[in-house]
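Every chain is numbered from 1, with letters handed out A, B, ... down the list of sequences. All of these numbers come straight from a predicted model, not from anything done at the bench.
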2 protein chains.
Amino acid sequence: MALRVVGALRDDIVTMALRPGDVISESDIAGRYGVSRQPVREAFIRLAQQGLLLIRPKRATVVKKISPEGVRQSRFIRESIEVEIIRRLAGHPSADAGTVLGELIAEQEAASNANDSRRFHTLDELFHRTLARLIGVEYAWQLIDDHKMQLDRVRYLTLGSSSSKLAISEHRTIVAAVTAGDVAGAEVAMRAHLARAEVLLSQTIAAHPDYFE
Amino acid sequence: MALRVVGALRDDIVTMALRPGDVISESDIAGRYGVSRQPVREAFIRLAQQGLLLIRPKRATVVKKISPEGVRQSRFIRESIEVEIIRRLAGHPSADAGTVLGELIAEQEAASNANDSRRFHTLDELFHRTLARLIGVEYAWQLIDDHKMQLDRVRYLTLGSSSSKLAISEHRTIVAAVTAGDVAGAEVAMRAHLARAEVLLSQTIAAHPDYFE
DNA sequence: CTTTTCTATCTTGTATGGTAGACGCTCGTC
DNA sequence: GACGAGCGTCTACCATACAAGATAGAAAAG
């Protein structure tokens with residue numbers, strides 16, 4: 001089906017198997033997956049709406065280059081929402097929030113010690129998603145997830161730079177502030193945690209300038 | 001073209017010409033607009049991704065009913081971002097921000113006195129969009145715009161209840177806090193401004209229960 | 001009268017043919 | 001040698017035809 005093509009292409013894009021600037025035609029992808037052009041076309045439309053492809057009518061369809069400005073604003077959106085989440089969470093600290101988050105951090109430490117960066121990435125995402133779930137706005141996280149694909153492409157380029165120990169430490173600081181009901185402290189900790197991605201971006205741009213616009 | 005169908009259908013949906021629960025088939029719309037099924041189909045995909053349509057495979061396509069939970073979380077997203085915007089704006093008050101916003105409010109008052117609710121709505125949207133533009137995150141507003149369609153459907157159901165005078169007053173309070181560099185005050189004012197939509201929602205649900213799920 | 005099964009007719013999904021537009025290359029001209 | 005016009009070839013786009021699934025209603029069996 002068409003959805004299968006969507007998933008396959010999205011994976012290829014975020015894992016940089018399809019690199020920014022690559023041109024892909026409907027016929028090309030259709031032949032590669034053994035389907036007709038129509039499902040591929042619909043997949044293109046979906047991915048274009050998600051900002052991964054750029055359809056230039058009657059010309060070609062290219063994998064969208066990463067827009068530094070877009071990444072910056074995606075970070076702004078994420079920081080706005082995550083800060084609001086952490087403030088509400090610290091303002092009304094639930095009983096089991098600390099335990100649930102503590103268990104997640106423990107698993108993250110295990111993954112970090114095992115050098116399983118893939119699993120650590122999953123747990124890190126789950127940590128932030130759990131924060132949203134604890135105040136009942138998990139749907140809001142789905143929104144972040146869509147825009148996080150842009151950030152994930154950058155993150156994939158900098159996979160080896162495992163600063164997982166630092167991230168775990170920051171997670172602990174955040175949880176501590178939440179359980180203590182320290183709204184201002186939780187906000188500061190969350191902003192600091194998210195701010196680390198800023199330097200990553202400029203480093204990545206310098207390392208792969210042709211992937212950006 | 002297909003984009004024309006998208007625009008027409010989106011307008012019909014937010015203006016309640018197509019009501020939640022209505023079933024629309026590709027052939028039906030295709031015949032109505034004098035085009036083939038294919039462009040209509042692609043329009044359906046786009047609108048489904050925006051949460052306005054629900055495509056049930058091999059069954060039918062229906063105008064999605066308004067999800068109260070979805071509206072609630074859309075409001076959460078909007079409040080998170082707008083609060084962050086107003087805090088940054090109050091923290092670094094630019095010189096001409098006060099004048100630009102003041103002119104917009106003056107226009108709003110003119111539209112309100114003329115009972116031109118359509119124009120007032122446009123100006124209200126422009127006001128918030130300008131706030132985003134002033135700190136360079138206009139793209140973030142586009143994101144809100146997508147999710148605001150859900151809120152706009154609710155707003156359209158309560159069109160006559162013109163509380164424009166109150167909105168203008170709140171706008172003035174927000175701008176005053178921004179120009180004074182009062183971060184906390186601006187945040188409080190913005191939250192109060194956005195919170196008014198909450199009672200609107202429950203009222204609307206009671207008035208049109210069959211439009212919600 | 002109730003229940004079950006089958007069929008007619010909807011729907012969306014897929015495949016294919018044809019169309020118009022944009023690009024690049026070749027050839028001709030200055 | 002440099003530049004410009006014309007043509008071939010690529011693309012996304014649209015229209016049409018076919019296929020597969022799902023539902024509603026009628027017909028038949030209990």
Checklist line | Nearest-0.5 Å distance that lies between atom CZ in A:Arg78 and atom OG in B:Ser80 | finding: 14.0 Å
Check: What is the distance from atom CG of B:Leu52 to atom CG of B:Asp12, rounded to the nearest 0.5 Å?
Finding: 11.5 Å
Check: Taking atom OG1 of A:Thr15 and atom CG of A:Asp152, what is their separation to the nearest 0.5 Å?
Finding: 11.0 Å
Next item on the list: Please state whether the phosphate of D:dA12, meaning OP1 or OP2, lies under 4.0 angstrom from any side-chain nitrogen or oxygen of A:Arg41.
Entry: no
Note to self: Defining pairs by Watson-Crick or G-U wobble geometry with both distances under 3.5 Å, how would you list the stems of DNA chain C with at least three pairs each?
What the structure shows: C:1-30 with D:1-30
Margin query: For nucleotides 15-22 of chain D, give me one character per nucleotide, 5' to 3': B if any protein heavy atom sits under 4.0 Å from the base, S if the only such contacts are to the sugar-phosphate, - if neither.
Written below: BB---BBS
Check: Can you tell me how far P of C:dA15 sits from CD of A:Glu42, to the nearest Å?
Finding: 10 Å
Margin query: Could you tell me how far apart B:Glu26 (CD) and C:dG13 (C1') are, to the nearest whole angstrom?
Written below: 8 Å
Check: Please give, in whole Å, the distance from C:dT19 C1' to B:Met1 CE?
Finding: 13 Å
Check: Can a donor-acceptor pair be found between the side chains of A:Gln38 and A:Glu42 at a distance below 3.5 Å?
Finding: no
Next item on the list: Remember a base hit wins even if backbone is also touched, and classify A:Thr61 as base, sugar-phosphate or nothing at under 4.0 Å, heavy atoms.
Entry: sugar-phosphate
Check: Please give, in whole Å, the distance from D:dT11 P to A:Ile29 CD1?
Finding: 11 Å
Next item on the list: Quickly work out the A:Phe44 CZ to D:dA12 P distance and round it to whole Å.
Entry: 7 Å
Next item on the list: Please work out if A:Ile24 contacts a base, only the sugar-phosphate, or nothing of the nucleic acid, heavy-atom cut-off 4.0 Å.
Entry: sugar-phosphate
Check: Hey, is the main chain of A:Gly51 close enough, under 3.5 Å, to the side chain of A:Gln150 for a donor-acceptor pair?
Finding: yes
Next item on the list: Assign each of A:Ala2 and B:Ser25 to its nearest nucleotide of DNA chain C by heavy atoms, then name whichever residue's nucleotide is nearer the 5' end.
Entry: B:Ser25
Check: Side-chain contact, heavy-atom cut-off 4.5 Å: A:Tyr211 with A:Lys65?
Finding: no
Item checked: Under-4.0 Å salt bridge between B:Arg88 and A:Glu79 -> yes
Next item on the list: Rounded to the nearest 0.5 Å, what's the gap from OG on B:Ser94 to CG on B:Leu89? Could you check?
Entry: 6.5 Å
Item checked: Nucleotide of D:dC14, D:dA12, C:dT12 approaching B:Ile55 most closely (side-chain heavy atoms) -> C:dT12
Next item on the list: Mind jotting down which residue pairs meet the side-chain hydrogen bond (donor to acceptor under 3.5 Å, both in side chains) criterion with at least one end in residues 130-139 of chain A? Sequence neighbours excluded, please.
Entry: A:Arg129-A:Glu138
